[in-house]
Amino acid sequence: MTEIITAEEMSRQREFTEKVARLNSQREQPPVAHVHTFGCQQNVSDGEKIKGMLSGMGYGFSDSPEGADIVIFNTCAVRGNAEDRVFGNLGALKHEKRRNPDIIIGVCGCMVQQEHVVKKIKRSFPHVDLVFGTNALHTLPELIFGQLTERKRSFYVPGGDGVIAEGIPLKRENSLKVSIPIMYGCNNFCSYCIVPYVRGRERSRAFSDIIAEAKAAVDSGAKELLLLGQNVNSYGKELGSSFSELLRAVNAIPGEFKICYMSSHPKDATRELIDTIAECEKVTRHFHLPVQSGSTRILKEMNRHYTREDYLKITEYIREKIPDAALTSDIIVGFPGETYEDFCETLSLIREVKFDSLFTFVYSPRKGTKAYDLPDPIPEEEKGKWFRELLSVQGEIGRNMYEKYVGRTLRVLCEGTGRTKDSLLTGRTEQDVIVDFDGDERLIGQFVSVKIEQAFDWILVGKSVE
Ligand code: 5AD
Ligand code: SF4
């Protein structure tokens, strides 16, 4: 069962925040924290909470661990290379600890919800002081107080189905583009994926809490709200609500802003949801619908609950209802037992759908998942060849994809100075396509009409028009 963290517990944590702040105020220099977040938007959002809590305790922030009083690694477990990067970075902190034995080194996030990772940290990374799991994030003030008052290694990784903790302070990375978690965890158990094991069961935040956070963000000037969850399409099932209902309510908040969301599962991308998106003028015209494979046989092995045909029907319906929509996807190459013939079905699917862009991954075995135990006879080298073939086919499909925008005037949220030249501005269209354009700097943070003059493989270039 989901554990709702009580208001009393949150107020107890605030007391610890004040105690740490008092200790820190006695120092000559304000202390500094370095928080390094790895992985997805969900983790970035947790990183904002970690920084929010640390800020309340009196910490400033630095971009590097050197000279910091606290270093926290907020980790990702989705693929092996993400974990390797964390271990590499953690190893490098040994020197920092030698130089400054008072430094507090903490590791949190998805990686540490795995027993074998905690064991490895205990054994091979003795300079790590603090390990806390995804269900213990809200207890950071108490954990830091413990570190400051009695220096003892501390491992706190509660299991269970997962928690919802409201009222954690936030230090947002970006005030223009604001992330709002709407649900946590995942129930899908795709056979390759570690997320359901490290993030617990699906649980939705209360409708009213989300709307209040969205309103407050818009009131303080946010122009893009990113609604976050592992599978946003199943928002609210246990509350008798739905993602469609939530989208309509966020769309109805007065003000000029854009609504984005991630991630979506195709099995829950219903016609009703697509109709809702078509009707909600603030919702992005970008569908990121991870297909993973074009082979129905492999999709079944992956436990995805849709066939190639189901997926094609959804994308056809999206194109019919919202002809202007951009479609992107995730693909895994080299799932255990995948044959070259299966892989060719993925190639044929991407040729058929013509995605605007793809996020492509070579399958990474994750201990504890179903797929981990499946025979996996294809050598990595062969998988690498398939991977390169996939990139080259997508490269061909993507080429000239943006030509269709040349001559059109598009609405763009201006985010800052240009990606190609400092003298230009940059932003994204309603389809999430990047645009550099000529215009006055005062347009930063506003929606701007941009006439598109040139198209390249990954970017459009144009001029702002009144
Ligand atoms: N190996 C490779 N890719 C994976 N993903 C999730 N788990 C794995 C894995 N074990 C990819 C999926 C998912 C994206 C976030 O990461 O494509 O949609
Ligand atoms: Fe992982 Fe599947 Fe859940 Fe996405 S829907 S987090 S891929 S188990």
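Every number for a ligand or one of its atoms is a count from 1 in the order of the listing. No hydrogens, no waters, no symmetry mates; every other heavy atom, side chains included, goes into these values.
Backbone and side-chain nitrogen or oxygen atoms of R79 are examined, and one is located within less than 3.5 angstrom of a nitrogen or oxygen of ligand 1. Ligand 1 has an N or O atom lying under 3.5 Å from an N or O atom of S364, backbone or side chain.
Taking NZ of K282 as the start and CG of L225 as the end, the distance is 9.5 Å to the nearest 0.5 Å. Taken from NE2 in H305 to CG in D310, the straight-line distance is 12.0 Å, to the nearest 0.5 Å.
Contact annotation for Q42 and ligand 2: no heavy atom of the residue comes within less than 4.0 Å of the ligand. With a 4.0 Å heavy-atom cut-off, ligand 2 is reached by the side chain of V195 but not by its N, CA, C or O. Under 4.0 Å from ligand 2, the heavy atoms of P196 that appear belong solely to its side chain.
Protein heavy atom in closest approach to atom 14 (C) of ligand 1: D330 OD2, 3.5 Å.
Residue R366 has at least one heavy-atom neighbour below 4.0 Å for each of these atoms of ligand 1: 10 (N). For ligand 1, the atoms closer than 4.0 angstrom to any heavy atom of Y363 are 1 (N), 2 (C). Atom numbering of ligand 1 starts at 1 in the shown order; those under 4.0 Å from a heavy atom of Q292 are 12 (C), 13 (C), 17 (O), 18 (O). Residue contact check: V78 has heavy atoms under 4.0 Å from atoms 6 (C), 7 (N), 8 (C), 9 (C), 10 (N) of ligand 1. Within the listing of ligand 1, atoms 3 (N), 4 (C), 5 (N), 12 (C), 17 (O) sit less than 4.0 angstrom from a heavy atom of I332.
Between E213 and R205 a salt bridge is recorded (basic side-chain N to carboxylate O distance below 4.0 Å). Taking the charged nitrogens against the carboxylate oxygens, E83 and R366 do have a contact shorter than 4.0 Å, which makes a salt bridge.
Nearest heavy-atom pair across G159 and N135 is O-ND2, 3.1 Å.
Side-chain contact annotation: S264 with N233, donor-acceptor N/O pair under 3.5 Å present.
For atom 3 (Fe) of ligand 2, the set of nearby N, O or S atoms under 2.8 Å includes one belonging to C186.
At least one heavy atom of R304 sits closer than 4.0 Å to an atom of ligand 2.
Aromatic ring orientation, H36 versus F38: parallel (interplanar angle below 30°, classes split at 30° and 60°).
The only member of H265, K267, E202 that meets side chain to side chain donor-acceptor pair (under 3.5 Å) when paired with S234 is E202.
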